[in-house]
Amino acid sequence: MKGPRYSSRLREVNLELGMPFADQAIKRLTFEIHHSRAMGCTVLKIIHGYGSSGKGGKIRDFVKGEQFSIFEEATRQAFARCEELRRDHDLDRYNNGVTFILL
């Protein structure tokens, strides 16, 4: 089982691991946000999947994976906060199963 990936400003957490119930995933997400802030991270990449409902939630200051592209203004603003995002393997893959939270 793969855990969180770390770098100096960008951190990746896979909330899908173990297929937790929503309440468990929310508790873990809350922990990971607080922990990432304490570590000095500026961006938290959350791998959460898309779910079966076909509807997504809403969080402020984020970049949807399906909009994580050099052609999107929100992505370019995120680059200004965390240069490492330019090297993320999901860039321009339009992956609706990930979200980048700007801390």
Side-chain angles (χ1 to χ4, degrees):
M1 180 153 85
K2 221 175 165 186
R5 287 190 350 190
Y6 300 88
S7 73
S8 59
R9 299 180 56 133
L10 170 64
R11 185 159 178 256
E12 177 182 294
V13 175
N14 187 341
L15 293 180
E16 276 190 308
L17 287 177
M19 301 299 288
F21 290 107
D23 62 330
Q24 296 167 321
I26 289 169
K27 286 178 187 175
R28 177 149 182 239
L29 175 59
T30 301
F31 167 80
E32 297 293 355
I33 289 171
H34 291 290
H35 185 63
S36 296
R37 278 190 181 133
M39 291 172 56
C41 296
T42 55
V43 175
L44 180 59
K45 176 183 178 180
I46 300 295
I47 300 171
H48 53 75
Y50 196 68
S52 59
S53 70
K55 299 177 183 175
K58 196 163 192 174
I59 299 173
R60 278 195 320 182
D61 294 330
F62 69 97
V63 178
K64 295 178 183 178
E66 61 267 32
Q67 295 174 339
F68 185 52
S69 167
I70 61 172
F71 302 107
E72 296 283 340
E73 179 60 27
T75 300
R76 291 191 301 272
Q77 289 177 6
F79 288 164
R81 293 176 70 177
C82 181
E83 186 67 26
E84 291 173 73
L85 281 175
R86 292 181 185 276
R87 295 184 299 277
D88 190 273
H89 70 274
D90 280 310
L91 182 60
D92 291 318
R93 288 186 58 210
Y94 307 97
N95 183 349
N96 63 2
V98 302
T99 299
F100 297 85
I101 299 173
L102 306 176
L103 303 175

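- Considering only heavy atoms from C-beta on, K27 stays 4.5 Å or farther from Q24 through its side chain.
- Remark: L15 CG to E32 CD distance equals 7.0 Å, nearest 0.5 Å.
- The side-chain contact (heavy atoms from CB on, under 4.5 Å) test applied to I26 returns T30, not counting sequence neighbours.
- For R37, the salt bridge (Lys or Arg N to Asp or Glu O under 4.0 Å) test picks out no residue, with sequence neighbours left out.
- For E72, there are no salt bridge (Lys or Arg N to Asp or Glu O under 4.0 Å) partners at least two apart in sequence or on another chain.
- With a 4.5 Å cut-off on side-chain heavy atoms, F68 and L91 count as touching.
- The nearest pair of heavy atoms linking V43 to C82 is CG2-CB, 3.5 Å.
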Could you go step by step and tell me if D88 and K45 meet the side chain to side chain contact (heavy atoms under 4.5 Å, CB included) rule?
CA-CA 10 Å; D88 190 273; K45 176 183 178 180; 3.0 Å; yes
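- Residues satisfying the salt bridge (Lys or Arg N to Asp or Glu O under 4.0 Å) criterion with R81, sequence neighbours excluded, are absent altogether.
- Within the structure, salt bridge (Lys or Arg N to Asp or Glu O under 4.0 Å) pairs that include any residue of residues 93-103 comprise D90-R93 (at least two apart or interchain).
- Between D92 and S69, the shortest heavy-atom distance links the atoms OD1-OG, 2.8 Å.
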One pair to check against side chain to side chain contact (heavy atoms under 4.5 Å, CB included): T42 and L102. What are the steps and the verdict?
CA-CA 6 Å; T42 55; L102 306 176; over 6 Å; no
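- Looking at N96, its side chain never comes within 3.5 Å of a backbone N or O of K64 through a donor-acceptor pair.
- Using a 4.5 Å heavy-atom cutoff, the side chains of I47 and V13 are not in contact.
- Residues meeting the ring pair (Phe, Tyr, Trp, His ring centres under 6.0 Å) test with F31, sequence neighbours left out: H35.
- Across G97 and N95, no two heavy atoms sit closer than the pair N-OD1, 2.8 Å.
- Exactly one residue among E84, M39, E83 makes a side-chain contact (heavy atoms from CB on, under 4.5 Å) with R9. That residue is E84.
- Checked by atom type and distance alone, the side chain of T75 pairs as donor or acceptor with a backbone atom of Q67 at under 3.5 Å.
- One hydrophobic cluster, built from ILVMFWY side chains closer than 4.5 Å, holds both F100 and I70.
- Residues F71 and V98 share a single hydrophobic cluster, defined by chaining ILVMFWY side chains whose heavy atoms lie under 4.5 Å apart.
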Candidate pair L85 and L10, rule side chain to side chain contact (heavy atoms under 4.5 Å, CB included), full reasoning
CA-CA 7 Å; L85 281 175; L10 170 64; 3.8 Å; yes
